Structure formats: structure tokens, C-alpha cells
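What follows is a single structure, written as C-alpha cells, with notes after it.
Convention: sequence-line order gives letters A, B, ...; per-chain numbering from 1. Keep in mind that what you see is a predicted model, and the values were worked out from it rather than measured.
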2 protein chains.
Amino acid sequence: MPTMTAAQRRAAAKAEYDAFVADCPSRQLLDRLSDKWVTLALVALEPGPQRYSQLSRTMAGVSQKMLTQTLRTLERDGLVSRTVTPSVPVTVTYEMTDLGRSLHRVVGMLKVWAEAHMDQVQSHRLEYDALL
Amino acid sequence: MPTMTAAQRRAAAKAEYDAFVADCPSRQLLDRLSDKWVTLALVALEPGPQRYSQLSRTMAGVSQKMLTQTLRTLERDGLVSRTVTPSVPVTVTYEMTDLGRSLHRVVGMLKVWAEAHMDQVQSHRLEYDALL
DNA sequence: CGGAATCCTGCCTGATACTG
DNA sequence: CAGTATCAGGCAGGATTCCG
């Protein structure tokens, strides 16, 4: 093997890292699911099928770009189904699939946890900040 | 009330939005917890107390900046405790608090879900991509 | 209505150097 | 060892505009 240039070494390290990640699907998927918009979208879809504009209102603060992008990846991963009704104007509804609902059970617990422990977190923050 | 300029209207909207968020602690905390490094750190700390350098190795791919930043916010929120042993060189260990462990139970389920459903997600992706 | 395309501003990352 | 500081670069994400 000839000596590697810095660029070649970086590329090799990158390839190794990617290969490692590919062998660790839980890490990949975990990173994907640990996204604020993914979590929020699943929580927003819990009441039932909803239209695009309704979701954008429920998920206050989301940009159209991130909403569309999040819904696309959720659809691609089979967590959400997208239904287009060719009316004028067109109507698009999003709905959780069975797979999405099974994930929602876990994500929902995250929401419950956050609501239940918010006061404890808040008091810890005040205590921590007081020591500065 | 005088007419508002566009800039004033934006500022008012921003203030309203911030106030709304402040009244919705679950949304705030949910956004905080839906972070890939937060999730990964809690998973990494599951086996027990660990040192900084050990964590940086376990959480492959994290930069020192993000590792330190994540650990700081976790400490501030009372989810992780930081212990400094004044040896030479100094030893710093991080450990989940009881509050952190209660959150880990939920996050751990996310990890389990990801591992259990990775193949279903993968097949949905292939199917979705085939339609392009 | 439900997006796609564009531009543009931050934040994250990576690399490096320095402290206690 | 466990950080802090700094700077370069890339890319996620927001705002805006336009189209079927």
C-alpha cells in the first residue's frame, strides 16, 4: 500500500464510519426519530386524519418546507399515509399507518413524561442558574 | 392604536408566539428532548457512570462542542449529574440522576422500537423509492 | 390548497490551539 | 484529562415567491 494523502485518509475514515453506521440501523433510525418535527407531527396526527393546512396550524412555528419534508420522510418510512383527493382545489390528507401508530405509543409517552416532569426540570434549572 | 409597520407587526407576532410557547411547557421540553444527542447521551449513560472521554468514544461522531453542550443542558435540567474528582489529572464522571433514569425508560423504548421495526421501515423505503 | 424552487442566514461540525 | 476558544466550511432550516 502506498502512502495515503490527507484527503485519502479522510475519505477512508469517512467510508469506515459510514459502513459502521450502516451496520448499526438502530443508531440511524434513532437519529431520524429524535427529531422535533417528527415527534411533533406524530403527536399532531394522533386525533386522526388531517389536512396539510390543518397540520401547519397545529404545529405552530413549523415552516412549510420542514412540514413537507417531515411528512415526506414519514411517508417514505411507512409511518404516515398521504391521500390526494382530486377536487378543486385539491385536498390532501395525512394519516398515521399502523406502523406510525405503534411508534406514536412511544412518542406519546415522551409527551406525557415532559408534561409530568416539567416542574422538576424547571426547579433544577433555577437551582443551576443560581450558582453562576 | 396607530398603524403598525411591518417590522412592528413581526415583532408583535414574535412576542405572541414566544408567550404562547412559554405557556406550553410540554412543547418546549418536547423540543428539547427530541434531540439526537440528548437521546444518544441518555442511551450511552445507561450502563452506568462514565467519564467524558469514554462518552466521546461511545457516542461516535459527536464533536467535543456538542458533547459538552449536551451534557451541560442535561445537567442544568437535572437529568445528569457531573462529579469532579480533583486528582492529577482531573477526573470527571457523568451519571444519570433519578429523573434522568425515568426519562431513559421512555427513550430506551424508542431505541427498542427502532431496532424492532427497522426492517419494516427499510422495506417501505424500497417500495417508496421504486415508484420514482 | 398544497406544495416546489429559490435565496439566505444561522448553527453544527471539524480542526486546531491553548488552559488547569 | 477535561474542557474552552476560535475559525473555516457545509448544510439544516426560515422566509419568500411562484405554480398546478
Could you give the [atom1]-to-[atom2] distance, from [X] to [N], as a whole number of Å?
X      : N       : atom1 : atom2 : result
D31(A) : dC12(C) : CG    : P     : 15 Å
E75(A) : dG3(C)  : CD    : C1'   : 13 Å
K65(A) : dT16(D) : NZ    : P     : 14 Å
M66(A) : dT6(C)  : CE    : P     : 19 Å
R57(A) : dC1(C)  : CZ    : C1'   : 11 Å
L71(B) : dA2(D)  : CG    : C1'   : 11 Å
Y94(A) : dG2(C)  : OH    : C1'   : 7 Å
Q64(B) : dC18(C) : CD    : P     : 16 Å

Where the side chain of [X] is concerned, which of [options] is the nearest nucleotide?
X      : options                 : result
V90(B) : dG3(D), dC1(D), dA4(C)  : dC1(D)
T91(B) : dA2(D), dA4(C), dG3(D)  : dA2(D)
T68(B) : dG2(C), dT4(D), dA2(D)  : dT4(D)
S63(A) : dG14(D), dG3(C), dG3(D) : dG14(D)

If we only count heavy atoms from C-beta on, is the [X] to [Y] side-chain gap below 4.5 Å?
X       : Y       : answer
D35(A)  : L40(A)  : no
P47(A)  : Q50(A)  : yes
R82(B)  : V92(B)  : yes
V121(B) : R125(B) : yes
Y52(B)  : T68(B)  : yes

Single-linkage hydrophobic cluster, 4.5 Å side-chain cutoff, L33(A) and M109(A) together: yes

Closest-nucleotide ordering on DNA chain C, the 5'-leading residue of R82(A) and K36(B): R82(A)

Any donor-acceptor N/O pair, R76(B) side chain to H124(A) backbone, under 3.5 Å: no

Residue-level proximity of residues 44-56 of chain B to DNA chain C when a heavy atom falls under 4.0 Å: none

